[in-house]
Amino acid sequence: MTELLRKLFIKDYKNIGDPKVRERHGRLASIFGIVTNLVLIALKVGAAVLVYYESGILSAALMADAVNNVSDMATSLVSLFSFRLAGKPADKDHPFGHERVEYISGLVISVIVLMIGATLLQESITKVIEMTEASYDLIAVIILAVSVFLKVFQGFVYRGLGKAISSESLKASSLDSWSDSVSTFLILIAGILSYALHWDNLDGYMGIVASLFVILSGAKMLKDTASPLIGNPMKKEVVDEILEEARKDPRILGVHDLLLHDYGPTKRFVSFHAEVDSRMDFLEAHEMIDDLEESLRNKYGLNVSIHMDPILVGDEQTEAVKEEVLACLKELDPALKIHDFRLVDGKGHANVLFDVVLPFDGKLGEQEILAALTSHFANREKAYNLKVTFDRPFTE
């Protein structure tokens, strides 16, 4: 169904790398959300009126659910604005474009979900304390069943569009829709039991369960949408693809220090170090790196910058010292790794330069590791000056 909607309403819908096409996907999702939420508001207010007519009590769960749809409609309006703004080209104040507005939009949606969940919880608790009863008739039950189906369908459309353009805000909207459908489904159960068995005191209890589900979903959405703004690690599949592409050329001996700067789904900047034999012709190495940058840019839509690291290959002294360093680090913590290892030999001493990758959950600090390495190479006939840089694993 999502594919059909894309074909019908989005020109050149497969070209998701084009910011204009992304904007059209966002506009379609927003307009779809506004229309479907208007229908849901009308259905639930209608059901609430029928319950009031039947029992003289205005269902707190139904009205809270209707208010939730009002907030969803407002969120769709926010998304419509954010996708339009995200589609703006780069300017003097924002040289990397405006695509991060999508992440901010997802964050706003998450906060709204949490607020609605808290409001629904408060109203439901009040209803339980006051022992309020709400009586449902058959038409109200049918309206609720249609509402559940429509909300689930809405979630699938959001999810499909979100996956098509890798939009965190649309994925957040899909989770919101599905959490809303669970909330409405619980109210539907209460309505069925009220209609069939005259259990008219379940409305508040179902509201409490539904509101807790909404709050948990909102908390997860908040985490998922805030992470890209704070800074996520590179996805393992992205790293694997880059490594696979780099390893196609046997002249590249190693890759390290992969960094990803994310300014939006189509504005990703990747940089890394590529190790090459120091005896390789400089112009040949430079051409090889240029070719790799272009290949990654064309294949994955990444803005790539590669730093070339010349390393000494086949030198016995360098290999021997490197093995000593690795053995020492393994004794300290098997998770420790090194890269960019170089040895610059002099008359009275040798400079040993390398990077140590320090795991986030490691128990040893930089000073402890450096002290152990220094102690290991102390009192040698030839002095070794260790110049150690500590890195973090920037990938999953």
Side-chain angles (χ1 to χ4, degrees), residues 233-234 236 239-240 242-260 270-289 292-293 296 304-396:
M234 288 186 68
K236 185 178 183 302
V239 175
D240 290 343
I242 291 174
L243 292 176
E244 182 182 356
E245 193 71 22
R247 286 168 180 161
K248 287 180 180 179
D249 194 321
R251 295 171 297 176
I252 293 179
L253 306 177
V255 173
H256 60 265
D257 281 355
L258 276 82
L259 296 175
L260 172 67
V270 173
S271 64
F272 60 88
H273 292 209
E275 298 173 355
V276 301
D277 191 331
S278 60
R279 295 166 296 186
M280 188 177 179
D281 180 75
F282 178 79
L283 292 178
E284 180 187 353
H286 189 272
E287 182 181 10
M288 175 187 65
I289 294 299
L292 178 58
E293 286 179 341
L296 291 169
V304 184
S305 177
I306 304 175
H307 174 77
M308 184 173 61
D309 276 341
I311 61 173
L312 196 60
V313 178
D315 181 74
E316 291 183 4
Q317 184 184 7
T318 300
E319 294 299 326
V321 174
K322 183 178 180 180
E323 288 301 319
E324 279 195 65
V325 169
L326 287 171
C328 181
L329 291 174
K330 187 175 181 180
E331 287 184 12
L332 294 172
D333 184 348
L336 293 173
K337 298 178 181 179
I338 66 171
H339 57 70
D340 205 12
F341 191 93
R342 288 178 292 146
L343 186 144
V344 183
D345 199 8
K347 289 184 179 181
H349 68 275
N351 290 327
V352 183
L353 306 91
F354 57 93
D355 296 351
V356 175
V357 181
L358 200 60
F360 290 108
D361 57 354
K363 296 180 180 179
L364 297 175
E366 295 180 9
Q367 295 302 318
E368 294 173 277
I369 295 171
L370 186 57
L373 288 169
T374 303
S375 175
H376 180 83
F377 285 96
N379 303 319
R380 300 287 180 99
E381 182 177 344
K382 188 170 191 175
Y384 287 97
N385 296 333
L386 303 181
K387 300 182 182 297
V388 184
T389 301
F390 290 92
D391 285 342
R392 288 290 188 178
F394 297 105
T395 58
E396 289 183 338

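Using a distance-only test at 3.5 Å, with no hydrogens or angles considered, a donor-acceptor pair links the side chain of S278 to the main chain of I311. Using a distance-only test at 3.5 Å, with no hydrogens or angles considered, no donor-acceptor pair links the side chain of R392 to the main chain of V357.
Within the 4.5 Å cutoff, the side chain of H307 has no heavy atoms near those of the D257 side chain. Between D355 and V388 there is no side-chain heavy-atom pair separated by less than 4.5 Å. The closest side-chain heavy-atom distance from F377 to V352 is not below 4.5 Å. Residues V270 and L296 fail the side-chain proximity criterion, which asks for heavy atoms closer than 4.5 Å. Looking at I306 and F272, their side chains come closer than 4.5 Å, going by heavy atoms from C-beta outward.
When all heavy atoms are compared, the tightest approach of G362 to D333 is CA-OD2, 4.4 Å. Taking both residues in full, the closest heavy atoms of P310 and R342 are given as O-CD, 4.0 Å, listed atom of the first, atom of the second, then distance. In terms of heavy-atom proximity, H286 sits nearest to M308 at N-SD, 4.4 Å. Between D340 and E275 the shortest heavy-atom distance is N-OE2, 3.4 Å. For V321 against L343, the heavy-atom pair with the smallest separation is CG2-CD1, 3.6 Å. C328 approaches L373 most closely through the heavy-atom pair SG-CD2, 3.8 Å.
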- request: Under the side-chain contact (heavy atoms from CB on, under 4.5 Å) rule, what do I338 and K322 come out as? Steps first, then yes or no, please.
  value: CA-CA 9 Å; I338 66 171; K322 183 178 180 180; 4.1 Å; yes
query: Would L292 and D249 count as a side-chain contact (heavy atoms from CB on, under 4.5 Å) if you check the C-alpha gap in whole Å, the side-chain angles of each, and the deciding distance to 0.1 Å?
result: CA-CA 9 Å; L292 178 58; D249 194 321; over 6 Å; no
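Counted within 6.0 Å of NZ on K330, heavy atoms from surrounding residues, nucleotides or ligands total 12 or fewer; the atom is thus considered open. Residue-environment remark: NE2 (H349) exceeds the threshold of 12 foreign heavy atoms within 6.0 Å. Counting heavy atoms of neighbouring residues, nucleotides and ligands inside a 6.0 Å radius, atom CD of E331 does not exceed 12 of them. The environment of NZ in K248 is crowded: more than 12 heavy-atom neighbours from other residues, nucleotides or ligands sit within 6.0 Å. No more than 12 heavy-atom neighbours from other residues, nucleotides or ligands sit within 6.0 angstrom of CZ on R247.
Between H273 and H256, the ring planes are tilted. Angles from 30° to 60° get that label.
A distance of 8.5 Å separates CZ in F341 from CD in E319, rounded to the nearest 0.5 Å. Interatomic distance, I369 CD1 to L336 CG, rounded to the nearest 0.5 Å: 4.5 Å. Rounding to the nearest 0.5 angstrom, the gap separating the CD1 atom in I242 from the CG atom in L258 is 5.5 Å.
In summary, the side chains of H339 and D309 do not present any donor paired with an acceptor at a separation below 3.5 Å, with no hydrogens or angles considered.
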